[in-house]
Enquirer: 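Below you'll find the structure I mean.
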Amino acid sequence: QMQPVESGGGSVEVGWSLRLSCEASRYASCRYDMSWYRQVPGKEREFVSKIDTEDIITYADAVKGRFTVSQDSAKNTLYLQMNDLQFEDTGIYYCKVERKAGNIDQCTNGWGQGTQVTVSS
């Protein structure tokens, strides 16, 4: 199936901000749960945040109060506003899309290839 596409990563200093984007198919019938995960070499991929089809938002404890997840009006683009970035936020950020409605051949599903976020002291 179609993969989501992440963008917006980069190299920043502690305390700075970044905004990541994840794009899924805009086919009108598609409905998604959309999530962010991150991974550092040698560590397990960890959950960051999620919006489901009921607009319920969840955050990992490590990012509460600093990161904000949102969607565009069509709910096919996912954003992650990352404020007050810390060294521990460094990693490859992946978008995970779970198709909940819509044609399997027209809608996005699965993991993106990731975008690198590097936070230096």
Side-chain angles (χ1 to χ4, degrees):
Q1 292 186 333
M2 298 173 56
Q3 290 182 307
V5 179
E6 304 98 333
S7 62
S11 182
V12 298
E13 298 179 10
V14 169
W16 291 18
S17 297
L18 282 172
R19 192 190 195 203
L20 306 183
S21 298
C22 170
E23 295 187 0
S25 173
R26 293 182 177 271
Y27 187 72
S29 297
C30 301
R31 298 291 183 270
Y32 308 111
D33 288 354
M34 302 183 76
S35 304
W36 288 102
Y37 288 72
R38 65 189 183 188
Q39 189 168 25
V40 176
K43 295 184 64 178
E44 182 178 327
R45 187 172 298 184
E46 66 174 347
F47 170 78
V48 175
S49 188
K50 177 182 179 179
I51 297 180
D52 68 15
T53 55
E54 302 296 324
D55 296 327
I56 302 299
I57 297 174
T58 56
Y59 294 100
D61 288 342
V63 306
K64 287 180 180 177
R66 298 188 298 116
F67 290 11
T68 303
V69 68
S70 61
Q71 293 177 297
D72 67 348
S73 59
K75 299 185 178 181
N76 53 22
T77 302
L78 179 70
Y79 303 101
L80 184 67
Q81 178 67 44
M82 304 185 295
N83 295 329
D84 192 26
L85 282 161
Q86 304 298 310
F87 175 80
E88 294 79 14
D89 297 317
T90 293
I92 301 175
Y93 282 70
Y94 297 92
C95 180
K96 179 184 179 182
V97 175
E98 299 173 84
R99 182 187 61 83
K100 298 300 183 180
N103 188 282
I104 192 170
D105 295 319
Q106 298 293 328
C107 303
T108 302
N109 197 72
W111 295 93
Q113 296 188 32
T115 183
Q116 177 71 45
V117 172
T118 302
V119 185
S120 60
S121 301

Enquirer: To the nearest 0.5 angstrom, please state how far the CZ atom of Arg31 sits from the CG atom of Asp52.
Expert: 13.5 Å

Enquirer: I need the Ser70 OG to Lys75 NZ distance, nearest 0.5 Å.
Expert: 12.0 Å

Enquirer: Taking the side chain from Ser49 and the backbone from Thr58, do they hold a donor-acceptor pair closer than 3.5 Å?
Expert: yes

Enquirer: In Å, rounded to the nearest 0.5 Å, how long is the span from CG of Asn83 to OG1 of Thr68?
Expert: 6.5 Å

Enquirer: Can you list, by chain and residue number, the hydrophobic cluster partners of Phe47 when the side-chain cut-off is 4.5 Å?
Expert: Tyr37, Ile92, Tyr94, Trp111

Enquirer: Say whether, by atom type as modelled, one donor and one acceptor occur between the side chain of Thr108 and the main chain of Ser25 under 3.5 angstrom.
Expert: yes

Enquirer: Just to verify, what does Lys96 make a salt bridge (Lys or Arg N to Asp or Glu O under 4.0 Å) with, not counting sequence neighbours?
Expert: none

Enquirer: Under the 4.5 Å side-chain heavy-atom rule for ILVMFWY, direct or indirect, which residues accompany Val119?
Expert: Val12, Val14, Trp16, Leu18, Leu20, Tyr32, Met34, Trp36, Val48, Ile51, Ile57, Tyr59, Val63, Phe67, Val69, Leu78, Leu80, Met82, Leu85, Tyr93, Val97, Val117

Enquirer: Which is it for Gln71 and Asn76 under the side chain to side chain contact (heavy atoms under 4.5 Å, CB included) test, yes or no, and what are the steps along the way?
Expert: CA-CA 7 Å; Gln71 293 177 297; Asn76 53 22; over 6 Å; no

Enquirer: Can you name the residues that form a salt bridge (Lys or Arg N to Asp or Glu O under 4.0 Å) with Lys43, not counting sequence neighbours?
Expert: none

Enquirer: Sequence neighbours excluded, which residues qualify as salt bridge (Lys or Arg N to Asp or Glu O under 4.0 Å) partners of Glu46?
Expert: Arg38

Enquirer: Using modelled atom types and a 3.5 Å cut-off, is there a donor and acceptor pairing between side-chain atoms of Asp84 and backbone atoms of Arg66?
Expert: no

Enquirer: Kindly state each residue pair satisfying disulfide (SG to SG under 2.5 Å) with at least one member in residues 24-95, sequence neighbours excluded.
Expert: Cys22-Cys95, Cys30-Cys107

Enquirer: Between Thr115 and Gly9 (side chain of the first, backbone of the second, donor and acceptor by atom type, cut-off under 3.5 Å), is there such a pair?
Expert: yes

Enquirer: First locate atom CE of Met2, then atom CD of Glu23, and finally report the distance between them rounded to the nearest 0.5 Å.
Expert: 10.0 Å

Enquirer: Donor-acceptor check, side chain of Glu6 to backbone of Gly114, threshold 3.5 angstrom: yes or no?
Expert: yes

Enquirer: For the CZ atom of Arg99 and the OG1 atom of Thr53, what is their distance to the nearest 0.5 Å?
Expert: 12.5 Å

Enquirer: Where do Gln81 and Ser17 come nearest, in terms of heavy atoms and distance?
Expert: NE2-CB, 3.9 Å

Enquirer: Got more than 12 heavy atoms from elsewhere within 6.0 Å of CD, Gln113?
Expert: no

